[in-house]
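First the structure, in the form of structure tokens, and then the observations on it.
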Amino acid sequence: MSSAEGLKFTIHPHPNATPAARRAELMADPAFGRVATDHMVVVKYKDGVGWHDAEVLPRGPITLDPSAAVLHYAQEIFEGMKAFRTKDGGAAIFRPEANARRFRASAERMAMPQIPEELFLEAVNQLVRADRDWIPEGENASLYIRPFMFANDAFLGVKPASEYLFMVIASPVGAYFSAGAVTVWVSETYTRAAPGGTGAAKCGGNYAASLLAQAEAKAQGCDQVVFLDAVKHTDVEEMGGMNVFFVFEDGSLVTPPLSGTILPGITRDSVITLAREKGLTVREEAYSIEQWLADARSGRMTEAFACGTAAAISPIGVVKTREGEARIGSGTAAGQITGALRTALVDTQRGRSADAHGWVSQVF
Ligand code: PLP
Ligand code: COI
């Protein structure tokens, strides 16, 4: 047992954990999100009782009443974070406090209870410890951790639920995109989030609404969708699951501002810090799709990249719209600044460079 906020975690080790040989086979080429580890964390919440029954359990199906509120009104939020294998055989998580804070902000927007930061962090650490053998080695490999919470009331009235489950699951992952630069499709049909909406919250509904736009991108032969703002339909916001940065010939960077309609990415924030430390100018300002095409074509834009927990930093090689397409830089590989920022980020995450910002949290 261990405790966070006075709550004790009861640990039920998997009685039939995946044998080492099978685990090694699964981890050899895990792709993204297909392989499940042996355990999961469950913490319950009920109005009037608060957070209770914190458990580490063998991973398995959960039972819900068919009227569970999440199935009807989508009161659900999640986080995405990674644990990395460090040189000494230990494990470290990148900026987990930032995920805990964003989870609380998402909960507030979705009228859900805010889990104490300490309990969120302890739940994540408990799972990483229970599944310590599932953290892969290798340059692009890590343990992707997915904390989430949903409304569990068996009641069909439309109101904030009074019962919730907070859970944490994990999956060993490799690179999100296969090697090389990604191609992006700018959707002029669908928007992701409007002012006053839920764009800044990491709620499942935002992703459900993005799937058709992502399918449109695939149909256009692209890897990812890019959304424009929902009012003027001119300014670049973000991608389906990543923030976006542009690099110009003078070495400066631009990224769309946190206007309330995009997710405040933790990788985005880290990139801004790392770039400024390298003496680069970073502007958080609106940038239109028209300008993107013009700058890519004129050569004023030399690089562009997507960034997020799953994708780390991935170069964008080509941007496509209904009007036409433009290649950025070589169109195939990461440019110099993208590469340098990726190295700085990944080296910090993996404990290969000094942790100047206190971003790395050692689990064991
Ligand atoms: N934007 C969206 C819509 C995302 O889903 C993500 C991924 O979590 C990001 C941006 C990047 O956020 P982070 O860097 O915190 O993973
Ligand atoms: C993440 O990077 O954690 C996300 O949530 C985005 C998604 C591509 C899984």
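Identified under the side chain to side chain donor-acceptor pair (under 3.5 Å) test for residues 139-151, with sequence neighbours left out: Glu139-Arg352, Asn140-Arg342, Tyr144-Arg146. Applying the ring pair (Phe, Tyr, Trp, His ring centres under 6.0 Å) test to residues at least two apart or on different chains, none of the pairs has a partner in residues 52-74. Residue pairs that meet the ring pair (Phe, Tyr, Trp, His ring centres under 6.0 Å) test with at least one member in residues 302-330, sequence neighbours left out, are Phe245-Phe305. Sorted by first and then second residue, the pairs that involve residues 289-313 and meet salt bridge (charged side-chain N to carboxylate O under 4.0 Å, His left out), not counting sequence neighbours, are Asp295-Arg300. Residue pairs that meet the ring pair (Phe, Tyr, Trp, His ring centres under 6.0 Å) test with at least one member in residues 112-143, sequence neighbours left out, are Phe103-Phe120, Phe120-Phe166.
Every residue two or more places apart in sequence or in another chain was checked for a side-chain contact (heavy atoms from CB on, under 4.5 Å) with Lys87, and none qualifies. Judged as a side chain to side chain donor-acceptor pair (under 3.5 Å), and not counting sequence neighbours, the contacts of Asp250 are Ser252. With sequence neighbours left out, Arg104 forms a side-chain contact (heavy atoms from CB on, under 4.5 Å) with Gln114. Qualifying side-chain contact (heavy atoms from CB on, under 4.5 Å) partners for Lys278, counting only residues two or more places apart in sequence or in other chains: Leu280, Ala340, Leu341, Ala344. Residues meeting the side-chain contact (heavy atoms from CB on, under 4.5 Å) test with His357, sequence neighbours left out: Thr273, Leu274, Glu277, Trp359.
Under the 4.0 Å criterion applied to side-chain N and carboxylate O atoms, Arg95 and Asp269 are assigned as salt-bridge partners.
Counting heavy atoms from C-beta on, the side chains of Leu143 and Thr37 come closer than 4.5 Å. A heavy-atom distance below 4.5 Å is found between the side chains of Pro195 and Val231.
Between Arg132 atom CZ and Phe364 atom CZ the span is 4.0 Å, to the nearest 0.5 Å.
Grouping Ile, Leu, Val, Met, Phe, Trp and Tyr residues whose side-chain heavy atoms lie under 4.5 Å apart, directly or via other members, places Met40 in a hydrophobic cluster with Val42, Leu57, Ile62, Leu64, Val70, Leu71, Phe78, Phe148, Phe150, Leu165, Met167, Ile169, Tyr207, Leu263. With side-chain heavy atoms closer than 4.5 Å counting as contact, directly or through intermediates, Phe155 stands alone and belongs to no larger hydrophobic cluster.
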- Message: With salt bridge (charged side-chain N to carboxylate O under 4.0 Å, His left out) as the criterion, how do Glu238 and Arg192 come out once you've worked through the C-alpha distance, each side chain's angles and the decisive distance to 0.1 Å?
- Response: CA-CA 9 Å; Glu238 64 178 327; Arg192 177 180 175 277; 2.7 Å; yes

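Side chains of Glu122 and Gln126: a donor on one and an acceptor on the other come within 3.5 Å.
In the hydrophobic clustering of this structure, Val247 does not group with Val254; members are Ile, Leu, Val, Met, Phe, Trp, Tyr whose side-chain heavy atoms approach within less than 4.5 Å, directly or through other members.
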